[in-house]
Amino acid sequence: MSEPNSGSDAFSLTTTAIKKGTTYILNGSKIFVTNGPVADLLVVFATVDKARGPDGISAFLVEKNSPGMNVARKLEKMGLRTSPMAEVFFENCEVPEQNLLGREGGGAFLFTRSMTWERGCILASAVGSMQRLLETCIRYANERKQGGQSIGKYQLVASKIVDMKMRVESSRHMLYHYGWLSGHRKAVYLEAAMTKLHIADCWVKCCEDAIQIHGGYGYMTEYEIERELRDAIAGKLYSGTSEIQRNIVASMLGL
Ligand SMILES: Cc1cc2nc3c(=O)[nH]c(=O)nc-3n(C[C@H](O)[C@H](O)[C@H](O)COP(=O)(O)OP(=O)(O)OC[C@H]3O[C@@H](n4cnc5c(N)ncnc54)[C@H](O)[C@@H]3O)c2cc1C
């Protein structure tokens, strides 16, 4: 979906898909394509008529090595380095009409629907990561001694661990609540945005607290907490930034 000039304002994309006989001709470029360098099949959003705005956006399945498609550049990231990312260019790329996903002009609906699902679930693994960070910090706070006692006996350290516990539990509850609602086919647009917003925030804060509790050791790559922080920061960006989740929540509150 994302393009160099359309990120948060996703429906302002400019990649075009012009029908010619039994094929669509794609022109434009995409950026931040997760798994782009290894993908066999890409879901590409393009407009069949810019004047129609979101109603012109359509989704296409584009196979690797399609003529005119170029997976151009592997993008290096701050974190999430096991998830490769690319920039993809389309220059008169021919896509058979049967590769249109859903109906022509139905791309915005498909995108909103799948993004709602993605927002609700994408940070599920972060709850597990926060749980592990919590356990690691409890262990460390009990073992590490300064001033003749375990650092966990200092209220300022214990308080951070309490905050971490609160974040893990509240994140888990929001995630499960979203899952329950979704499983019962109830509306989840608001809950998905709140779940993503909350877990993303909690994950970064848990990482910061974990580094602080480990002191200088937490800053060392060997302890792998700084890696966790670098990964966590991306959670506030992908699948809609935290600001965009706030916009969604505000709009659902009638603001
Ligand atoms: C690790 C990672 C993986 C990604 N994977 C994919 C992928 O697979 N496919 C894909 O299509 N995209 C992917 N993205 C792109 C991601 O969806 C965009 O980065 C994101 O939507 C923000 O767009 P942008 O980077 O263009 O920032 P911009 O939209 O330019 O935003 C810049 C800043 O302005 C703020 N802002 C913008 N508009 C508003 C507004 N209306 N109200 C308040 N604040 C606003 C933003 O919150 C942000 O802080 C990925 C990004 C990352 C970091």
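Just so you know, ligand 1 is whichever comes first in the structure, and atom 1 is the first atom listed for that ligand. Owing to the predicted nature of the structure, the values given are computational and were not obtained by experimental measurement. All residue numbers refer to positions in the sequence shown, counting from 1.
- For the ring pair (Phe, Tyr, Trp, His ring centres under 6.0 Å) test, no residue two or more places apart in sequence or in another chain qualifies with Tyr238.
- Heavy-atom neighbours of Glu97 CD from other residues, nucleotides or ligands within 6.0 Å: above the threshold of 12.
- In this structure, the side chain to side chain donor-acceptor pair (under 3.5 Å) partners of Ser239, at least two apart in sequence or on a different chain, are Glu118.
- Here Glu169 pairs with Arg172 in a salt bridge; the nearest charged N to carboxylate O distance falls below 4.0 Å.
- Glu104 has no carboxylate O lying under 4.0 Å from a charged side-chain N of Lys19, or vice versa, which leaves the two without a salt bridge.
- Looking at residues two or more places apart in sequence or on another chain, you find a ring pair (Phe, Tyr, Trp, His ring centres under 6.0 Å) between Phe60 and Tyr24.
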Between ligand 1 and the protein, which N/O pairs are shorter than 3.5 Å?
from, atom 1, to, atom 2, distance (Å)
ligand 1, 5 (N), Phe32, O, 3.2
ligand 1, 5 (N), Thr34, OG1, 2.7
ligand 1, 8 (O), Phe32, O, 3.4
ligand 1, 8 (O), Thr34, N, 3.1
ligand 1, 8 (O), Thr34, OG1, 3.1
ligand 1, 9 (N), Phe32, O, 3.4
ligand 1, 11 (O), Met1, N, 3.1
ligand 1, 11 (O), Ser2, N, 2.8
ligand 1, 11 (O), Ser2, OG, 3.1
ligand 1, 12 (N), Ser2, OG, 2.8
ligand 1, 23 (O), Ser8, N, 3.4
ligand 1, 29 (O), Ser8, N, 2.9
ligand 1, 29 (O), Ser8, OG, 2.6
ligand 1, 41 (N), Asn247, ND2, 3.4
ligand 1, 42 (N), Asn247, ND2, 3.0
ligand 1, 47 (O), Thr241, OG1, 2.7
ligand 1, 47 (O), Glu243, OE1, 2.8

